[in-house]
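Just so we're clear, the structure is a prediction, and the values are computed from it rather than from any experiment. Every chain is numbered from 1, with letters handed out A, B, ... down the list of sequences.
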2 protein chains.
Amino acid sequence: MTQEVQVESTHIFQRLQTQLSRMIAETPPGNRLPAEPELAKQLGVSRATLREAMRSFEGQGLIRRRQGIGTFVVGHSQVIESGLEVLESIETLARRIQLEVSMGALHVSQIKATPTMATALQVEENAQLVQIARVIQAERRPVAYLVDTLPEDILAPADLQQGFTGSVLDLLLQHSSLPLATSRAEIQAVAASPEIARLLEIQRGDVLLLFSAQLFTSTGKVVDYSLSYFLPGYFQFHVVRRVEGSR
Amino acid sequence: MTQEVQVESTHIFQRLQTQLSRMIAETPPGNRLPAEPELAKQLGVSRATLREAMRSFEGQGLIRRRQGIGTFVVGHSQVIESGLEVLESIETLARRIQLEVSMGALHVSQIKATPTMATALQVEENAQLVQIARVIQAERRPVAYLVDTLPEDILAPADLQQGFTGSVLDLLLQHSSLPLATSRAEIQAVAASPEIARLLEIQRGDVLLLFSAQLFTSTGKVVDYSLSYFLPGYFQFHVVRRVEGSR
DNA sequence: CAGTGGTCTAGACCACACG
DNA sequence: GTGTGGTCTAGACCACTGA
């Protein structure tokens with residue numbers, strides 16, 4: 001009916017994306033792209049502009065840039081799919097599709113509750129908490145960053161000494177008699193902070209899907225507050241919604 | 001020759017963010033920040049670096065940059081909160097909290113099904129479809145971009161001539177006898193394309209929450225395929241998840 | 001060591017809003 | 001026209017990797 005109005009000539013960015021898209025498609029997975037200065041020269045743009053255009057492809061998981069090594073085309077990875085009606089650990093989801101995941105960079109610390117944590121966990125401010133941060137890897141690549149915060153009486157650091165594979169949920173299910181019932185998760189899109197970007201080996205500002213969740217027992221007590229950052233392209237979350245007034 | 005050696009060269013970004021954060025907090029909502037060249041000089045950085053640091057604050061909805069006018073501090077806006085168990089239109093959600101929303105930039109077109117659309121809508125490729133794209137505004141600011149695609153026999157362009165306020169869901173509920181039952185939505189974090197960035201008045205590459213949804217009737221027929229892009233900071237989606245099976 | 005991506009700079013020009 | 005943010009450039013230096 002109507003035609004989209006599109007500014008074309010001045011926007012090098014879009015032309016670049018088209019060229020890069022073709023170049024990536026024509027490069028076998030695992031292979032390296034030309035170095036940035038050379039590629040910029042080839043395409044007739046500055047390196048800054050080239051890098052900006054490359055960002056979106058990295059965000060989609062099509063390429064991976066590694067400092068000191070180069071930029072590589074990534075093959076279509078297996079996707080971890082999950083509905084949001086049931087809470088399951090990444091390990092459980094991965095096992096279902098025979099995908100191997102591992103944990104890297106585990107960091108356990110004892111902290112005092114900040115106002116945000118105190119509210120989320122329904123504890124006093126400055127209460128003693130245990131925080132468990134770790135990166136989840138699939139196919140030798142970081143794909144998620146998970147931070148769980150729990151009251152010290154729910155889980156002590158010692159409980160993590162042996163056989164912790166990355167899932168606090170599985171640990172609580174196996175090693176405690178807590179009647180876990182539900183989890184309430186808020187869903188947000190966020191930009192990667194410099195710290196999280198470093199851990200996930202992406203650029204700062206890249207998009208991440210964030211779940212901020214509280215884990216409840218059947219008595220309504222909060223036993224865990226978690227932040228889960230997911231790289232796009234490796235996870236696929238879906239939810240079935242009921243239409244109001246139907247049923 | 002007398003080039004300055006950079007001090008804390010790897011931390012300029014974080015220092016900048018701290019300074020900007022304080023500056024934004026101290027500026028009353030609605031007021032303007034200094035112009036970029038001046039602010040860059042004040043803070044002792046280049047304009048490019050300043051702009052990069054400002055991006056995250058715009059992504060959080062704390063500031064708003066408007067070409068030709070300036071950069072403004074935004075007051076804490078009212079948040080549209082919704083659970084994902086029930087599908088409701090933004091209009092319905094907004095009405096509940098007495099928030100005024102309006103529709104801008106309605107764009108209705110007749111198109112032929114692309115492969116993606118054909119799959120999602122369970123129709124033949126090149127089937128005649130109606131596509132409805134529009135921006136949703138709250139507090140005189142674009143906050144969401146919605147694109148609905150439907151088979152022509154479900155909804156004709158003529159049905160949109162009068163009284164369409166932005167919600168295809170509400171229109172289908174009111175003006176058709178279709179037994180709408182459920183919606184299946186995939187949840188992703190995406191970077192804004194140049195086109196969507198322009199429509200939502202944000203920067204390209206800014207983070208958006210995207211729902212890709214199919215709307216089903218009780219007989220399992222797909223009547224609508226929609227893409228919904230949400231600005232962070234204006235919406236809060238949550239879901240309650242059931243903990244499955246203690247082993 | 002050489003080569004890669006990561007960051008930052010200074011300056012230029014463009015597109016847009018407003019008087 | 002003036003002043004704003006939006007885009008792009010050419011070049012410099014830093015941080016990291018691997019031979």
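- Taking atom CG of residue A:L50 and atom C1' of nucleotide D:dC8, one finds them 13 Å apart after rounding to whole Å.
- Checking C:dG5, D:dG5, C:dC8 against every side-chain atom of B:I12, the shortest atom distance belongs to C:dC8.
- Checking B:Y145 against B:R134 by side-chain atom types alone, no donor-acceptor pair falls below 3.5 Å.
- Comparing C:dT9, D:dT9, D:dC8 by their nearest atom to the side chain of B:T49 picks out C:dT9.
- Rounded to whole angstrom, the span from the CD1 atom of A:I202 across to the P atom of C:dG5 amounts to 18 Å.
- Mapping B:G68 and A:I69 onto DNA chain D by nearest heavy atom places B:G68 at the nucleotide closer to the 5' end.
- When each of B:E91, B:E81, B:E88 is paired with B:R96, the salt bridge (charged side-chain N to carboxylate O under 4.0 Å, His left out) condition holds for B:E88 and for no other.
- Counting to the nearest Å, the C1' atom of C:dC8 and the CD atom of A:Q203 are 15 Å from each other.
- The NZ atom of B:K41 sits 15 Å away from the C1' atom of C:dG11 (whole-angstrom rounding).
- At a cut-off of 3.5 angstrom, counting only N and O atoms as typed in the model, there is no donor on one side facing an acceptor on the other between the side-chain of A:R198 and the base of C:dG6.
- Listed by chain and number, the residues in a side chain to side chain contact (heavy atoms under 4.5 Å, CB included) with A:S226 are A:D148, A:A213, A:D224, A:S228 (sequence neighbours excluded).
- Considering only the side chain of A:A48, D:dA10 comes nearest among C:dG6, D:dA10, D:dG18.
- Note on B:E52: nothing from the nucleic acid sits closer than 4.0 angstrom, heavy atoms only.
- Relative ring orientation between B:F211 and B:F237 is described as tilted, the plane-to-plane angle lying within the 30° to 60° band.
- Counting only N and O atoms by type, the side chains of A:T49 and A:S46 include a donor and acceptor under 3.5 Å apart.
- Counted by atom type alone, A:T92 and A:S89 present one or more donor-acceptor pairs between their side chains at under 3.5 Å.
- The base of C:dG6 lies close enough to the side chain of A:R47 for a donor and an acceptor atom to sit less than 3.5 Å apart.
- Phosphate contact (OP1/OP2 of C:dC16, side-chain N/O of B:R66, threshold under 4.0 Å): absent.
- For A:I63 and C:dT4, the CD1 to P distance is 16 Å, given to the nearest whole Å.
- At the heavy-atom level, B:R51 lies under 4.0 Å from base atoms of the strands shown.
- The CZ-C1' distance, from B:F72 to D:dG3, rounds to 12 Å in whole Å.
- Using modelled atom types, one finds a donor on one side chain and an acceptor on the other under 3.5 Å when comparing B:S56 with B:Q17.
- The side chain to side chain contact (heavy atoms under 4.5 Å, CB included) test with B:T149 is passed by exactly one of B:T114, B:V168, B:T116, B:L129: B:L129.
- An angle of 10°, rounded to 10°, separates the two end axes of the helix from C:dC1-D:dG18 to C:dC18-D:dG1, each defined over five pairs.
- If you take CG of A:L43 and P of D:dA10, they are 13 Å apart, rounded to a whole angstrom.
- The A:S46 side chain lies nearest to D:dC8 when the options are D:dC8, C:dT9, D:dG5.
- Checking the phosphate oxygens (OP1, OP2) of C:dT4, a side-chain nitrogen or oxygen of A:R32 falls inside 4.0 Å.
- Note: CD (B:Q67) to P (C:dC16) measures 6 Å, nearest angstrom.
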